[in-house]
Each structure stands twice: as C-alpha cells, then as structure tokens.
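Remarks on the structure that follows.
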Amino acid sequence: MASKKQVLLNNLSIGGGSKISVQSMLSCDTLDKVAVFCQIDALINEGCDIIRLAIENETALDAAKEYLAYSKVPLVADIHFDYKLALAASEAGFSKIRVNPGNVSRDKLKNIIACCKKNNTAIRLGINGGSLEKDLLKKYGISPKALAQSALENIKIFEDLGFDNLIVSIKSSCVLTTVMANRLLYESCVYPLHIGITESGFGEEGILKSAIGIGAMLLDGIGDTIRVSLTGDPCEEVRIGRGILKALNLIDCIEVVSCPTCSRCKFDLLKVASEVKKMTKGVDKKMKIAVMGCIVNGPGEAMDADFGVAGGGDNKAVIFRRGQVIKTVAFDKIMEALNEELFRKI
Ligand code: SF4
C-alpha cells in the first residue's frame, strides 16, 4: 500500500505507510498578510495538513518568512521558473519546494539539489503535459506512458545527483490519463506520490472528476498525499479531499448514513441528518451514526451503525444501538437523544 519511502515535512511524514495527508494551496494575494493568515487558519480548521503557496518574487518570499513562523502545518513553496527563488526558499526554511524540472536547466537543478540537501528540504517533482520532454512528446504524445516515463527519467536525474528526498506527482486534467499514468509510475517508483486531477474545474463537475480520479488511485493503494484542485475557495478542496478519504475509510471520523426516504418517512430526515453532521463536526473518532426514515428497514438495515434513529408512527421515533432498539422518543426529542448517545460513546 502506497509508497515504500517516507519523506518528512517538519513533523509530518508522507509515504511509507503514513496517514494520507490532504493539501491545498493559498488562493489569496500572498502579499496581503491579513488575507494569508486568515486563509491559513481557515484551511487548518478544515483539516488541511499541508499548505502550498506561490512564491513569485523576492518580495513574496520575504512575506512568506512570516507565514512560515505562523503556520502550524508545513508550508510548501511553489517555484516555477526562477531557480534563485528555489534556493532562497530552501534557505528560508520551507520544508518542501515544488519544482517543475522542465522549467529549469540541468545546471540550475544541480544548484537547487545541493541547496535542498544542505537544508534537508524535500522537493516535489511535478510532471504534467506542459512539461513533457520533446522526445517523449514526439514518441507518445501527451499520454500516460509519456507522463510516467518523464517522471521516471527525472527521478533518475535527481538520484544521479544523490538526491532522494523526493515526492513525485503526475497530473493531467483528464481523469483516465492521470489514473493510468500513476498506475504505470507506481510500479517502478519508491517515492511518495502526490495525487490529484489538475484543473478539474469547479462545482459538481470538478468534485466528481476529483473524487473518481483520486478515489480510483487510492483504491489501488496509490497516493500518499492528495490535493483536490478546484476553482474557488481552497477550503472546499480540503472538505472534498477529507470526504474522499472518509468515503474510503482512510481516516478516523464520524460517518453519518441516512436513507433516501420514501413515503414511509414521517419526519424531516434531512434536517435531522444535517444536525447530526453539525453536532459531530471535528470529532476525530471512528463511528457510524444512522438516520433512517422508518422502522421497516431502519434498525435492521443500519445494524452496523453504532447508534441511530428510525422514524415510527404517532410522532415517535426509535433510538437504536447496533440494530437493537433502546428507546422511543417524540420527533422533537430526536436530537436530544442522539446527543446523549454521542456523549456516551465519546
Ligand atoms: Fe423508506 Fe424506511 Fe427505507 Fe427510508 S428506511 S427509504 S423511509 S423504507
């Protein structure tokens, strides 16, 4: 499962069987310190483990030094063309920098590697369709084979220069290309893989593309850190990312299951299920709570739930534990009873 090697970003380990981390990227102006502090806080509050920010020039790097001191989670410097900024970011104390090797010459890469070795800075080697080497592009076009081959060839360059503090990513906005490329890469790569569907868009479409792509890779055991790339508020990326891990039972959290309802349901199930979600937000405990419309299928169908509620007749509902009914309450007392059960469990 996942990578064989482990990379450390401050105290956070990535790969080698570590918990899968969720990351995102600041979308605000990185020179606007108030906006940056607020967005860092908001992302951490949503459960973000790693935050990346674009370092476009020296002024941005100077500002970022304050963010490094402020953030409780590792910050990653995203560098594109100016190799001197990569050196400066490593010297400034970033635990990881993101470099696209297609954008820097071999000599400059050597300098970056030497500096990162000295400072114990990890490097994310990012490969995408736009950074493919000309020969690979000519031979395979933008394809899974070309992306995986490019990643492996670039890994070899780093290894030949004695550098193995690497995290690798191959991304494309095409779900199938990304999944197939990562499957190919995974067979020959020992480094942690950062996975995601790049530029997946926004709203439902972006969420679905990300969930399908990231979910498919995780189900194959591929991926050590994930980023959901959505246009919009980065907090949404973290919520969806954590949701994907939750759906695959890869994090300890409370799962609220609820039935789709039918005419047998006589209470506002959506309201109760939403309130249960609110009530359990932030509780880091593995638990399943069921909100079922009626007793016909309720307690029995939700037998694996730690506890739950199922609507009955006469304005009454039953509270159950592992399928066994423990009491009957009026509809307006459902939340009170569920709250009691939650406290009993935690
Ligand atoms: Fe309908 Fe009851 Fe099944 Fe919900 S649990 S869908 S209300 S039969």
Side-chain angles (χ1 to χ4, degrees), residues 20 22 46-47 175 200-219 226 228 230 235-346:
I20 295 167
V22 176
E46 287 295 342
V175 173
S200 64
F202 62 95
E204 241 173 49
E205 197 176 320
I207 292 170
L208 284 170
K209 281 176 83 173
S210 297
I212 293 168
I214 294 172
M217 291 184 269
L218 290 175
L219 283 171
I226 66 171
V228 172
L230 293 176
C235 287
E236 176 76 348
E237 297 187 344
V238 178
R239 280 192 288 276
I240 303 301
R242 286 186 62 84
I244 294 169
L245 297 182
K246 191 171 163 182
L248 297 176
N249 281 328
L250 291 169
I251 45 176
D252 285 352
C253 60
I254 295 189
E255 186 184 357
V256 180
V257 295
S258 56
C259 81
T261 78
C262 68
S263 62
R264 293 192 184 98
C265 179
K266 309 292 182 208
F267 71 106
D268 191 345
L269 184 139
L270 185 57
K271 186 167 172 245
V272 171
S274 309
E275 281 178 17
V276 172
K277 279 215 167 170
K278 261 191 236 156
M279 172 178 95
T280 53
K281 190 168 187 253
V283 181
D284 266 350
K285 200 166 163 68
K286 204 167 172 56
M287 201 189 296
K288 192 185 255 191
I289 304 173
V291 183
M292 307 296 279
C294 75
I295 49 172
V296 173
N297 290 326
E301 218 164 85
M303 196 134 22
D304 60 341
D306 291 274
F307 63 91
V309 60
D314 293 336
N315 193 31
K316 296 265 174 27
V318 296
I319 304 295
F320 57 88
R321 288 179 199 153
R322 297 253 159 219
Q324 296 299 314
V325 174
I326 54 157
K327 66 174 157 187
T328 303
V329 295
F331 282 166
D332 62 354
K333 299 285 182 218
I334 290 175
M335 283 314 297
E336 198 179 308
L338 292 178
N339 221 339
E340 264 174 37
E341 286 302 305
L342 181 67
F343 270 98
R344 194 186 59 83
K345 284 291 288 182
I346 61 175

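Each ligand, and each atom within it, is numbered from 1 in the order the structure gives.
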Under 2.8 Å from atom 2 (Fe) of ligand 1, how many protein N/O/S atoms can be counted?
1
Are there over 12 heavy-atom neighbours, none belonging to Lys286, within less than 6.0 Å of that residue's NZ?
yes
Quick one: salt bridge (Lys or Arg N to Asp or Glu O under 4.0 Å) partners of Lys246, sequence neighbours excluded?
none
Does the pair [X]/[Y] count as a salt bridge with the N-to-O cut at 4.0 Å?
{"X": "Asp306", "Y": "Lys345", "answer": "yes"}
{"X": "Lys333", "Y": "Glu340", "answer": "no"}
{"X": "Arg239", "Y": "Glu236", "answer": "yes"}
{"X": "Arg242", "Y": "Glu46", "answer": "no"}

